[in-house]
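Naming: A, B, ... by sequence-line order, numbering from 1 per chain.
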Amino acid sequence: MEMQYKQEFANALIQVLGEALTEENITVMIEKPKFNSLGDLAFPCFELAKHYRKSPNSIAEEIANKIDLKIAYKVEPVGGYINVFLKKELVSMFTISKILKEGEQYGSSPNTNKVMTIDLSSPNIAKPFSMGHLRSTVIGNSLALIAEKQGYQVVRINHLGDWGTQFGKLIVAYDMWGNEEKVKKSPIKELLALYVKFHVEADSDPTLNDLGRAAFKKLEEGDEGTIELWKWFREESLNEFMKIYDRLGIPFDSYHGEAFYNDKMESVVEELKEKGLLVESDAAQVVEVENFPPCLIKKSDGTTLYATRDLAAAIYRQEKYHFDKSLYVVGNEQTLHFKQLFTVLQKMGYQWQEGMAHVPFGMILKDGKKMSTRKGKVVLLEEVIKEAIQLALTNIEEKNPNLDNKEEIANQVGVGAIIFHDLKSYRLNDIEFSLEDMLRFEGETGPYVQYTHARAASLLKKGNYSFKEDNQPNLLDEEAWPIIKLLFSFPEVIGKALDDYDPSQIAKTLLEISKAFNKYYAAVKILDEDQLYNRLSLVSAVKIVLKEGLNLLGIQAPEQM
RNA sequence: GUCCCAGUAGCUCAGCAGGAUAGAGCAACAGCCUUCUAAGCUGUGGGUCGGGAGUUCGAAUCUCUCCUGGGACGCCA
């Protein structure tokens with residue numbers, strides 16, 4: 001909707017300006033004034049000053065006088081800008097009616113046949129689900145939801161880290177120090193302990209690393225005993241992960257991990273050979289990549305690597321899903337790997353690789369340093385979730401003890417706090433881990449937005465509101481205007497969030513809407529006889545957008561809390 | 001050593017296809033529940049936008065350089 005108003009303003013400018021600037025230029029130059037007193041849209045005349053060789057001030061004045069804009073009640077030149085003041089009643093009515101009519105469809109684009117695969121979460125088997133994997137999981141899931149809203153057919157792929165030398169190491173560790181009963185009792189904890197011990201011991205005895213590599217070779221060659229062990233580790237781990245995905249409410253369409261591609265790599269290696277891309281280097285097989293270090297395809301002992309599996313996976317996914325876009329929500333530190341991967345695919349002649357993108361994100365730091373699984377320096381997500389839910393429950397007992405389904409709401413609020421905390425800041429920022437911040441329910445947090453939504457729901461219930469399509473709401477409250485502006489820009493925010501692969505833009509808008517609404521709530525008596533229908537129409541529109549926005553982040557919007 | 005990312009209030013961050021007076025939240029302090037959920041609202045204090053140079057009518061935003069932190073750099077993923 002916002003675009004429409006800009007467009008109308010741009011058209012009006014063109015009428016006056018003629019060919020001094022192109023339409024496209026004008027549209028991007030239109031900005032939002034920094035202060036409410038300066039109106040709703042603005043056009044800077046400094047560029048034109050060069051063109052006309054006049055002062056920006058006089059140009060602005062000249063244009064403002066000539067401009068004819070139906071949607072504005074005032075067009076005012078100020079300090080070289082042309083400021084447009086939209087007709088509040090008219091725009092409010094349009095905006096609210098549109099949202100109420102469209103409901104949760106507000107901001108949606110029609111379905112397309114375009115397919116987007118998203119590689120997300122992808123935890124490593126036999127390791128605990130860390131805070132780092134949380135980022136990939138919630139960012140990826142939100143992008144999936146946003147893409148669906150924009151009409152994509154989305155395939156969520158959990159590319160489990162269930163293969164690789166790490167398993168050789170783990171198997172060696174288990175053979176040397178493992179205890180079956182202990183592992184059965186608490187698999188993740190015990191396996192992690194073994195993994196950490198392995199690295200501690202390997203520091204003083206490097207031959208352990210050779211043993212690990214040898215064990216992995218056995219695994220890749222199909223040694224039965226080794227495979228049994230691997231299967232067991234994998235299953236126990238997946239069970240643990242499923243608990244977390246259930247809590248977060250995140251579904252997957254595929255759990256094909258790295259191991260799934262074991263029998264699909266040889267043909268890729270053959271293909272690379274046929275296309276003359278594979279070269280030997282220090283007894284390893286590599287593909288040379290311009291401007292980057294070469295991409296390793298096979299180690300000198302003949303076993304495969306991460307890149308080999310990712311190549312096979314990319315080709316498999318294209319064959320199976322025919323994706324138009326394929327995202328990899330994977331940490332910042334793997335940027336080089338993806339550049340290599342995409343380049344190799346390009347050299348193989350696969351045009352579809354143009355639709356692939358690495359969506360990197362910053363690390364979770366502890367004391368300014370990367371958390372390392374190998375040293376056992378991890379924070380367990382499960383513990384954090386439990387604490388958040390517990391805290392939410394305590395809050396409910398204190399603030400709303402008569403609430404019906406306390407457990408369920410506490411779940412939604414606790415989990416919402418964690419997800420929102422992760423999504424509200426730009427994904428490339430590193431995050432210093434802070435339990436205190438994650439468990440904060442006041443200020444710019446998920447629970448704050450949820451609370452605002454619950455307030456709106458409560459008002460609608462008390463006011464017994466229902467929308468009648470033939471009764472156009474008319475809003476006269478000056479205090480409502482900031483809310484209206486945010487509401488009509490929401491569809492553009494969704495579009496930009498997808499273009500930038502950046503859910504934080506939605507989170508930020510939700511915060512702004514919440515702040516504006518709570519301000520309104522404090523200033524205006526909503527359940528007032530005379531204005532009841534008009535005001536509740538606004539409340540209903542706010543509720544719709546908040547709920548839809550939270551849902552796009554993968555967060556529930558409880559009716560009460 | 002080479003390459004990438006970041007540096008804005010005490011803390012966490014927003015603003016960055018250049019634009020009008022650099023904004024929030026937290027923390028601190030002072031107010032607001034006989035009115036619709038106080039997980040809320042209002043107010044106060046707090047800034048050489050890492051340093052320097054350049055481009056421009058105009059730079060937190062673009063370029064260069066330096067400093068600081070982090071990460072990546074063939075047989076891990």
Side-chain angles (χ1 to χ4, degrees), chain A residues 28-29 31 33-35 38 42 44 46-47 49-50 55-56 78-81 83 122 124 161 163-166 169 209 212-213 216 258 281-286 291-301 303-307 309-310 330-337 339-340 360 362-363 365 368-370 373-374 392 395-396 398-400 403 413 417 421 424-426 428-432 434 436-437 440-452 454-455 457-459 461-463 504 508 511-512 514-515 517-528 535 539 560-561:
Chain A
V28 291
M29 280 170 78
E31 45 187 278
K34 271 190 167 172
F35 308 96
L38 298 172
F46 306 98
E47 288 285 325
K50 278 182 218 160
S55 78
V78 177
Y81 284 87
N83 293 331
S122 313
N124 293 324
W163 206 245
T165 307
Q166 52 177 336
K169 293 179 178 176
N209 287 321
R213 276 190 281 271
F216 175 59
E258 297 184 51
S281 162
D282 293 339
Q285 303 290 317
V286 308
N291 305 322
F292 301 113
C295 180
L296 257 81
I297 302 297
K298 274 197 162 186
K299 291 189 271 193
S300 48
D301 67 0
T303 58
T304 60
L305 284 132
Y306 185 37
R309 267 160 255 145
D310 265 358
V330 180
N332 210 357
E333 66 273 25
Q334 289 190 37
T335 300
L336 177 62
H337 164 73
K339 280 182 181 159
Q340 292 174 322
M363 283 170 298
L365 306 176
K369 292 265 157 58
K370 186 183 178 181
T373 313
R374 284 177 303 180
N395 274 314
I396 290 170
E398 187 186 310
K399 294 165 203 258
N400 200 354
L403 195 64
V413 173
H421 174 261
K424 77 172 171 184
S425 50
Y426 182 55
L428 274 170
N429 293 345
D430 287 344
I431 295 182
E432 174 67 29
S434 159
E436 202 188 331
D437 278 355
R440 185 162 277 145
F441 291 176
E442 291 162 16
E444 297 178 324
T445 65
Y448 172 70
V449 178
Q450 289 174 317
Y451 176 74
T452 310
R455 268 186 154 178
S458 166
L459 287 167
K461 205 172 160 195
K462 285 205 167 142
S504 78
K508 279 162 200 152
L511 286 172
E512 284 182 53
S514 299
K515 282 183 205 174
F517 180 74
N518 281 319
K519 212 175 240 196
Y520 179 73
Y521 182 98
V524 174
K525 165 105 176 151
I526 294 166
L527 294 178
D528 169 79
R535 288 183 179 156
V539 173
Q560 299 175 58
M561 62 186 271

Exercise. Classify the angle between the aromatic ring planes of A/Tyr306 and A/His337 as parallel (below 30°), tilted (30 to 60°) or perpendicular (above 60°).
Key: parallel
Quiz item: Has A/Lys169 got a side-chain N or O lying under 4.0 Å from the OP1 or OP2 atom of B/C76?
Solution: no
Quiz item: Considering heavy-atom distances to RNA chain B, does A/Lys515 or A/Gln166 have its closest nucleotide positioned more toward the 5' end?
Solution: A/Lys515
Quiz item: Base, sugar-phosphate, or nothing for A/Thr303, non-hydrogen atoms under 4.0 angstrom?
Solution: nothing
Exercise. Between B/G50 and B/A9, how far apart are the P atoms? Round to whole Å, please.
Key: 8 Å
Quiz item: Do A/Ser514 and A/Glu444 have side-chain heavy atoms sitting under 4.5 Å apart?
Solution: no
Quiz item: Can you find a donor-acceptor pair, distance only, under 3.5 Å between A/Thr335 side chain and B/G71 base?
Solution: no
Self-check item: Partner set under side-chain hydrogen bond (donor to acceptor under 3.5 Å, both in side chains) for A/Lys424, not counting sequence neighbours
Solution: none
Quiz item: What nucleotide, of B/G40, B/G74, B/A77, holds the atom closest to the side chain of A/Arg309?
Solution: B/A77
Quiz item: If you look at every strand shown and take non-hydrogen atoms under 4.0 Å, does A/Thr165 touch a base, only sugar-phosphate, or nothing?
Solution: sugar-phosphate
Exercise. Both distances under 3.5 Å, Watson-Crick or G-U wobble: report the partner of B/A17, or none.
Key: none
Quiz item: Under 4.0 Å between a side-chain N/O of A/Arg213 and OP1 or OP2 of B/C76, yes or no?
Solution: yes
Self-check item: pair A/Leu305-A/Lys299: side-chain heavy atoms closer than 4.5 Å
Solution: yes
Quiz prompt | Within 45° cone and under 6.0 Å: A/Arg455 NZ/CZ vs A/Tyr521 ring | solution = yes
Exercise. Check whether any side-chain heavy atom of A/Leu336 lies under 4.5 Å from a side-chain heavy atom of A/Pro293, and answer yes or no.
Key: yes
Practice problem: Determine: side-chain N/O of A/Arg440 to OP1/OP2 of B/A39, distance under 4.0 Å, yes or no. | Solution: no
Quiz item: Contact class for A/Glu258 vs. all strands (heavy atom < 4.0 Å): base, sugar-phosphate, or nothing?
Solution: sugar-phosphate
Quiz item: For B/U63, which nucleotide is its Watson-Crick or G-U wobble mate, given both distances must be under 3.5 Å?
Solution: B/A53
Quiz item: Run the side-chain contact (heavy atoms from CB on, under 4.5 Å) check on A/Met29 and A/Phe46 step by step: do they pass?
Solution: CA-CA 11 Å; A/Met29 280 170 78; A/Phe46 306 98; over 6 Å; no
Quiz item: Heavy atoms under 4.0 Å, any strand shown: does A/Asp301 hit a base, just sugar-phosphate, or nothing?
Solution: nothing
Practice problem: Let me know the distance between CD of A/Glu512 and C1' of B/C13, rounded to the nearest Å. | Solution: 13 Å
Quiz item: Side-chain N or O of A/Lys525 less than 4.0 angstrom from OP1 or OP2 on B/U35?
Solution: no
Quiz item: Within the structure shown, what part of the strands sits under 4.0 Å from A/Met363 by heavy-atom distance: base, sugar-phosphate, or nothing?
Solution: sugar-phosphate
Quiz item: A/Tyr521 stacking on B/C36: centroids under 5.5 Å, ring planes under 30°?
Solution: no
Exercise. Check if the side chain of A/Asn83 and the base of B/A20 share a donor-acceptor pair of N or O atoms closer than 3.5 Å.
Key: yes
Practice problem: Please check the phosphate of B/A20 (OP1 and OP2 only) for any side-chain N or O of A/Lys34 closer than 4.0 Å. | Solution: yes
Quiz prompt | Sugar-phosphate, base or nothing in reach of A/Ile526, heavy atoms under 4.0 Å | solution = base
Quiz item: For A/Asn429 and B/A14, is the shortest distance between a side-chain N/O and OP1 or OP2 below 4.0 Å?
Solution: yes
Quiz prompt | Opposite nucleotide pairing with B/G47, Watson-Crick or G-U, both atom distances under 3.5 Å | solution = none
Quiz item: Among the nucleotides B/G74, B/G40, B/C75, which one has an atom lying closest to any side-chain atom of A/Ser300?
Solution: B/C75
Quiz item: Taking the side chain of A/Leu336 as its heavy atoms from C-beta onward, which of B/A14, B/A72, B/U42 lies nearest to it?
Solution: B/A72
Quiz item: At under 4.0 Å between heavy atoms, what does A/Lys508 touch on the DNA or RNA strands: base, sugar-phosphate, or nothing?
Solution: sugar-phosphate
Quiz item: On a whole-Å scale, what distance lies between the P atoms belonging to B/G54 and B/A14?
Solution: 30 Å
Quiz item: Would one find a side-chain N or O of A/Lys299 under 4.0 angstrom from OP1 or OP2 of B/C76?
Solution: yes
Quiz item: So, is B/A24 syn or anti if syn means the angle is within 90° of 0?
Solution: anti
Quiz item: How far does the P atom of B/U35 sit from the matching atom of B/U48, given to the nearest Å?
Solution: 45 Å
Quiz item: To the side chain of A/Phe35, which of B/A39, B/G23, B/C41 is closest?
Solution: B/G23
Practice problem: Assign A/Leu38 to base, sugar-phosphate, or nothing according to its heavy-atom contacts below 4.0 angstrom with the strands shown. | Solution: base
Quiz item: Expressed in whole Å, how much space separates the C1' atoms belonging to B/G51 and B/C67?
Solution: 7 Å
Quiz prompt | Test side-chain contact (heavy atoms from CB on, under 4.5 Å) applied to A/Asn209 and A/Lys169, step by step | solution = CA-CA 7 Å; A/Asn209 287 321; A/Lys169 293 179 178 176; 3.8 Å; yes
Quiz prompt | Most 5' of A/Glu444 and A/Pro447 on RNA chain B, judged by nearest nucleotide | solution = A/Glu444
Quiz item: Can you tell me how far P in B/G43 sits from the matching atom in B/G7, rounded to whole Å?
Solution: 29 Å
Quiz item: Touch check for A/Ile396, heavy atoms < 4.0 angstrom, all strands: base, sugar-phosphate only, or nothing?
Solution: base
Exercise. Give A/Gly161 one of three labels, base, sugar-phosphate or nothing, depending on what nucleic acid heavy atoms sit under 4.0 Å from its own.
Key: nothing
Quiz item: How would you label the glycosidic angle of B/C33: syn (within 90° of 0) or anti?
Solution: syn
Quiz item: Counting side-chain heavy atoms from CB outward, which of B/A77, B/A72, B/A39 is closest to A/Gln334?
Solution: B/A77
Quiz item: How is A/Lys462 classified with respect to the nucleic acid when contacts are heavy atoms under 4.0 Å: base, sugar-phosphate, or nothing?
Solution: sugar-phosphate
Practice problem: May I ask which nucleotide in the shown strands pairs with B/C11, Watson-Crick or G-U wobble, both distances under 3.5 Å? | Solution: B/G25
Practice problem: Taking only the side-chain heavy atoms of A/Leu296 (C-beta and beyond), determine which of B/G74, B/U42, B/A39 contains the nearest atom. | Solution: B/G74
Practice problem: Identify the nucleotide, in any strand shown, that forms a Watson-Crick or G-U wobble pair with B/G31, with both distances under 3.5 Å; if there is none, say none. | Solution: B/C41
Quiz item: Using a cut-off of 4.0 Å on non-hydrogen atoms, how would the nucleic acid contact of A/Ala283 be classed: base, sugar-phosphate, or nothing?
Solution: nothing
Quiz item: Within the structure shown, what part of the strands sits under 4.0 Å from A/Tyr448 by heavy-atom distance: base, sugar-phosphate, or nothing?
Solution: sugar-phosphate
Quiz item: Roughly how many Å is it from OH in A/Tyr306 to C1' in B/G74, rounded to a whole number?
Solution: 15 Å
Self-check item: Integer angstrom distance from the P of B/C3 to that of B/C64
Solution: 12 Å
Quiz prompt | Side chain A/Asp301, main chain A/Thr303, donor-acceptor under 3.5 Å | solution = yes
Quiz item: Quick one: which of B/G40, B/A39, B/A77 gets closest to the side chain of A/Asn395?
Solution: B/A39
Exercise. Provide the distance between the two P atoms, one in B/A6 and one in B/G58, to the nearest whole Å.
Key: 27 Å
Quiz prompt | A/Lys508-A/Ser504 side chain donor-acceptor pair, cut-off 3.5 Å | solution = yes
Quiz prompt | Nearest-Å distance once atom C1' is located in both B/A38 and B/C32 | solution = 9 Å
Quiz item: Would you say B/G40 has OP1 or OP2 under 4.0 Å from some side-chain N or O of A/Tyr520?
Solution: no
Quiz item: With a non-hydrogen cut-off below 4.0 angstrom, is A/Val449 in contact with a base, only sugar-phosphate, or nothing?
Solution: nothing
Quiz prompt | Pairing partner of B/G1 (Watson-Crick or G-U wobble, both distances under 3.5 Å) | solution = B/C73
